[in-house]
Protein chains: 2
Amino acid sequence: MVANPRRKRTAARRGEAAPAQDARVARREKRRVAILDAALEQFAARGFAATRLDDVARRARIAKGTIYLYFRDKESLFQELVRTMLSPLVGTIEAAPLSEVPIRAVVEMIVDVFVREIYGTRRKDVIRLIISEGPRFPKLADIYYREVIARVLPVIRARLSLAVKRGELSSDALARFPQLLVAPALVAIIWNGLFGRMAPLDIGELMRAHLELLFGERGAT
Amino acid sequence: MVANPRRKRTAARRGEAAPAQDARVARREKRRVAILDAALEQFAARGFAATRLDDVARRARIAKGTIYLYFRDKESLFQELVRTMLSPLVGTIEAAPLSEVPIRAVVEMIVDVFVREIYGTRRKDVIRLIISEGPRFPKLADIYYREVIARVLPVIRARLSLAVKRGELSSDALARFPQLLVAPALVAIIWNGLFGRMAPLDIGELMRAHLELLFGERGAT
DNA sequence: ATATTATGACTGACCAGTCAGTCATTTTTG
DNA sequence: CAAAAATGACTGACTGGTCAGTCATAATAT
């Protein structure tokens, strides 16, 4: 799109952003979110292949054709969904108080972010989707790795290595495999997705037990 | 199937198991396995919904209609696959030398079974399938829970509780959440399924590090 | 000859993606 | 200012293709 001279003139004359234009943009964004919302619901409930875009459209209260005005195709919609839901979270870890805090507090903070911001929100459904569909959509696994894992993991690993050097940790096991830190939380997501009906797993207690194994008895709660 | 009178007569007359009959049974079983094999390959590669029974048939070198002589429908085939692959494994744990062995050896044995018998075989694909498709097939999650989890978990939990009572373990965290024991192995399966191309995770090293965190430095290897 | 097993063409349901047409809103013209 | 023209967001019927499951027929075994 080329800049429109008409628009410029109007905005200049009134000394404000063109209101009609802004309303359009806002409306467009609202629709986009509505589609993504509906898509998450359907993909989470039925998986990628079994989700019908007719249903997504119905949930979003639009016609099916409209989806194609916002997303290239079903797979793009799926990818955008993952990107939109997870990318914002990365900042939280990247910007966190780094090395000024004792390692136990750092670890508890990471675990807490995971439990509250993922397990406690619809993001857990996105994680489930990545686990389920990722192997069949290399592009999806790629996006997730590049935009989340590759940005968060090194930060955490660096802090853990520092803790080893400082003598805060007696073993370098965690620094070498930071995955060990969140593995139980991931398992809780999976477990409750599968067996929540018959044997729900209390993620709070689970992670408390996990930290107990890592650091020994009770810490600040 | 009702007992076949012809078979009885033949066996009696010849004083041996009816050979023709046995050949039939064997042939039938071989076909069944061929179908299950092909199905595992396809389901693992494409997921339940995207797998075509035409492809399964081609892989098994039979016609599509033949599948329906061995399995009621696509979903039954899927369920039978899971049952057939995992049930045999349960015996291994159930029959293992229980409380005569020190707890660390018990734990290492459990981890080892997991790594060798699941991660090291096509059973890991079955686990992946359960994780991926389970939420959409409650019947599948049910089967897996009843036939595997519900039989293995109590045994392991009991042994861990005993270890706590005996003073072999200083914390009851593991006894309360035996899931913590295998969580890293599960994460390794998932991780390598998603990111194996760009950042493979060495499950041997991972589990060694895990045990190090649970028990402190090196044990018997 | 009969029963059992296997085949693969066929059917009907299903669904992603398209596109010609509608309509509300905005811009231009007189 | 009102009428006319332009815009572009939105719709939903339609198409082409896919695939689970069936069944009449054929091959094989007894």
Just the table, please: protein N/O against nucleotides 20-22 of chain C N/O, every pair under 3.5 Å.
none

State whether the side chain of A/Arg83 and the backbone N or O of A/Ile143 hold a donor-acceptor pair below 3.5 Å, judged by distance alone.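 No; judged by distance alone, with no hydrogens or angles, the pair does not exist.
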Between A/Arg151 (side chain only) and A/Arg146 (backbone N and O only), is there a donor and an acceptor less than 3.5 Å apart?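 No, because the side chain of A/Arg151 does not come within donor-acceptor range (under 3.5 Å) of the backbone of A/Arg146.
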Assign the ring pair A/Trp191 / B/Tyr145 to parallel, tilted or perpendicular, where the plane angle (0 to 90°) is split at 30° and 60°.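 A/Trp191 and B/Tyr145: perpendicular rings.
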Lys NZ or Arg CZ of A/Arg28 over A/Tyr70 ring: under 6.0 Å, within 45°: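 Yes, A/Arg28 sits over the ring of A/Tyr70.
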For a quick check of understanding: with a heavy-atom distance under 4.0 Å over all strands, which category does B/Arg31 fall into, base, sugar-phosphate or nothing?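 The answer is sugar-phosphate, as B/Arg31 gets under 4.0 Å only of primed atoms, P, OP1 or OP2.
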Heavy atoms, side chains only, cut-off 4.5 Å: are [X] and [Y] in contact?
{"X": "B/Leu36", "Y": "B/Leu77", "result": "yes"}
{"X": "B/Ile131", "Y": "A/Ile131", "result": "yes"}
{"X": "A/Lys74", "Y": "A/Val56", "result": "no"}
{"X": "B/Asp125", "Y": "B/Met85", "result": "no"}

[X] [atom1] to [N] [atom2]: how many Å, rounded?
{"X": "B/Ile62", "N": "D/dA27", "atom1": "CD1", "atom2": "P", "value": "18 Å"}
{"X": "A/Arg58", "N": "D/dG12", "atom1": "CZ", "atom2": "P", "value": "12 Å"}
{"X": "A/Arg27", "N": "D/dG8", "atom1": "CZ", "atom2": "C1'", "value": "11 Å"}
{"X": "A/Glu29", "N": "D/dA9", "atom1": "CD", "atom2": "P", "value": "14 Å"}

Side-chain ion pair, B/Asp55 and B/Arg58, N-O less than 4.0 Å: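 A salt bridge links B/Asp55 with B/Arg58.
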Distance (rounded to the nearest 0.5 Å) between B/Asp54 CG and B/Gln42 CD: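 Going from the CG atom of B/Asp54 to the CD atom of B/Gln42 covers 10.5 Å.
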Aromatic contact between B/Phe48 and B/Phe43, with the criterion being ring centroids under 6.0 Å apart: yes or no?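 Centroid distance B/Phe48-B/Phe43: below 6.0 Å, so yes.
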Would you jot down, in residue-number order, the residues of residues 66-73 of chain A having a non-hydrogen atom under 4.0 Å from DNA chain C?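 Only A/Tyr68, A/Asp73 qualify.
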Expected rows: protein N/O vs nucleotides 15-19 of chain D N/O, under 3.5 Å:
from   : atom 1 : to      : atom 2 : distance (Å)
D/dC19 : OP2    : B/Arg52 : NH1    : 3.4

